[in-house]
Each structure stands twice: as C-alpha cells, then as structure tokens.
2 protein chains.
Amino acid sequence: MAKQHICITGNADHCPKARMTIQDTLDVVGGKWKLVLISILRDGKKRFRELSREAEISPRILSKELQELEMNGLVTRTVCNTRPVTVEYALTPYSDTLSEVIIAMHKWGKQHREKIIETP
Amino acid sequence: MAKQHICITGNADHCPKARMTIQDTLDVVGGKWKLVLISILRDGKKRFRELSREAEISPRILSKELQELEMNGLVTRTVCNTRPVTVEYALTPYSDTLSEVIIAMHKWGKQHREKIIETP
DNA sequence: GATACCAGTTACAAAAAGGATACCATGGCA
DNA sequence: TGCCATGGTATCCTTTTTGTAACTGGTATC
C-alpha cells in the first residue's frame, strides 16, 4: 500500500489510463478492510471497539487500517475526554467522493449473491 | 478467495447488509489484479502474453487470476487453432454488471490523483 | 540444429495479511 | 485493594498473497 504509480511526467502513451487510475484507487482503498470500514462508518461515527466488533476485525489490524485511512484523509480520529477515554472515528467530507464506488459495490454484491443462490 | 460469507439462512439481524454485500463483492473481484484485468479486457479480447505485458503481471499470477475470473463467470477462455496455439481471453456479458464499479473506481482514481498532485 | 515465440506450470522465496495473547496506562467501582 | 472497561501497542506465529526464475511442450523461423 501507499506506493504510487502516479506518473506526473505524463508519458501517457505507455500509461493506459483505465488501468492506472484503477490501481490508484486500489492503492488507497484496496485490501480486505478499508471499504468495509468506510461502509460501516457511513452509518455514523463509531468507537474503536464498536468497529472492531462490527467488522469482526482484530484490534491490531483495525488500528493499522484506521491509521492508513486517516493518512489518506478519509477518516478522522477524535479523542473524547470521557471517564474511560473513548476515541471516535468518523468519515471526512472527502470520503463522500467514494460514495459511487461503495454504492456500486454494494449493489453488485447484492445482485451477485442473488444470482449465485438461484443458480447453484 | 472463494470463501463465501453468504448467509442463506438469512438471519439478517447480525448480518449488516452493507458490510456483507461489499465483502461478497471483494470475494469475487477483490485483490490486486482482478479489476485491473477486467478493465483492460474492456478494450477487447486479449491473449495471455498481451495481458501479461499490459498489466505487468507475471504468468503465474495471471494464470491464477484468470482461472478465478473464469470460475466466477466473468471471463471466457478460448483456444484458437493457430499455428503456435494462442488463447484468447474475453469478458462475458455478465461482467458488464461490473461496469458501474469499474467506472466509479476509474473516476475516483482520476480525481484523487489530481487532488494529491495539486496539494502536495 | 539454434533460436524464439506461444501458453502456461513448477519450485522456491519474500512479503503482506491475519490471529492470539499479553501488556500498558487511565480511571471507575465495590 | 482487586477487578472491570477503555484504546490501543508489542510480540510471536501462521496463513495467504505475490513475485522470480526456470522449465515444459509445441511450432515456426533462421
């Protein structure tokens, strides 16, 4: 993750547009968890443990994924001064630009599930 | 890959829709290469070596990814009886259902690239 | 015969991802 | 004082994914 094959020099000839832009997206939001976490956070902010439980993801991985999402400006981390300190994770406005991707994947997953159930 | 967390029994209460459907999609089309390959094949059918060169993917991985895509009904494999045997890979009609996902990811990658270039 | 291209496969290595457990610090409660 | 909960981190280990290099087998070309 975080490698960027963004070619600023712009020799677009050997840099087929479609392939590269999709790889750029995957660099930021690819992998097993990032889109799932964003999709969960679309229901509203959550705390660390809540996310861990809802996504069924171990603290270690969750911590790493959230840091990466934060670095890419998709998620904010807020420490609340409650009695046992709690931390809230929420989506940034910028993450809204991913709506189309998430909605498309959500729709496809739904229709695909229906398809493979009716034709076993 | 190929694990399915599709819960046919349908206890949807502990099966939050958005999360699961996105994971279903990732099971089929997740990973580093599948969407890239599909995106390349949208320009038209390609042979094995062509794909290998265009995606800069090694034969071993390419072979595996194509098999998985074929198993999921997204790609067809056709052996042509040319002199050195060639094999053509093409998208199936069903793969068109992924258009929205691919186009959305393509658009996002493009705009994200522009964003991070202008704000370094 | 030597070379090269086709479509892969095999064996092996490296890296990434994932999981389990223990641990830290803070503070509330009994 | 001991025990719980919070949000993590550290350590160790296993599994999965990805990559490299070499190789097969067939055909065509030089």
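A, B, ... follow the sequence lines: proteins, then strands. Residue 1 opens every chain.
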Look at [X] and [N] and indicate whether a side-chain polar atom (N or O) is within less than 4.0 Å of OP1 or OP2.
X	N	value
A:Trp33	C:dA16	no
A:Lys64	C:dA17	yes
B:Gln67	C:dT9	yes

Atom-pair distance ([atom1] on [X]; [atom2] on [N]), nearest Å:
X	N	atom1	atom2	value
A:Lys32	D:dT17	NZ	C1'	11 Å
B:Leu66	D:dT18	CG	P	14 Å
A:Leu51	D:dT6	CG	C1'	14 Å
B:Glu50	C:dC5	CD	P	15 Å
A:Asn81	D:dT6	CG	P	17 Å
A:Arg60	C:dT21	CZ	C1'	12 Å
A:Leu62	D:dA10	CG	P	16 Å
B:Ile61	C:dG8	CD1	C1'	13 Å

Report task. I would like to know whether B:Trp108 and B:Arg113 meet side-chain contact (heavy atoms from CB on, under 4.5 Å); could you show each step before the answer? Result -> CA-CA 8 Å; B:Trp108 194 85; B:Arg113 176 195 297 222; over 6 Å; no
Query raised in the report: Contact class for B:Arg47 vs. all strands (heavy atom < 4.0 Å): base, sugar-phosphate, or nothing?
Result: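 Answer is sugar-phosphate: B:Arg47 comes under 4.0 Å of backbone atoms only.
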Query raised in the report: So what does A:Ser63 touch, heavy atoms closer than 4.0 Å: a base, only the sugar-phosphate, or nothing?
Result: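 Sugar-phosphate: the residue A:Ser63, judged by heavy atoms under 4.0 Å, touches backbone atoms but no base.
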Query - Comparing B:Pro59 and A:Glu65 on DNA chain C - which has the more 5′ nearest nucleotide - result: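 Nearest nucleotide further toward 5': that of B:Pro59.
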Query raised in the report: Should A:Leu35 and A:Ile102 count as side-chain neighbours, where that means a heavy-atom distance under 4.5 Å?
Result: yes
Report task. Answer whether the closest heavy-atom distance between the side chains of A:Met105 and B:Leu26 falls below 4.5 Å. Result ->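 In short, these two side chains touch, coming nearer than 4.5 Å.
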Report task. Provide the Watson-Crick or G-U wobble partner of D:dT9, both distances under 3.5 Å; none if there is no partner. Result -> C:dA22
Report summary line: When rounded to the nearest 0.5 Å, the distance separating OH of B:Tyr89 from CG of B:Leu66 is 5.0 Å
Report task. Answer yes if the side chains of B:Ser95 and B:Arg42 hold a donor-acceptor pair under 3.5 Å, and no otherwise. Result -> no
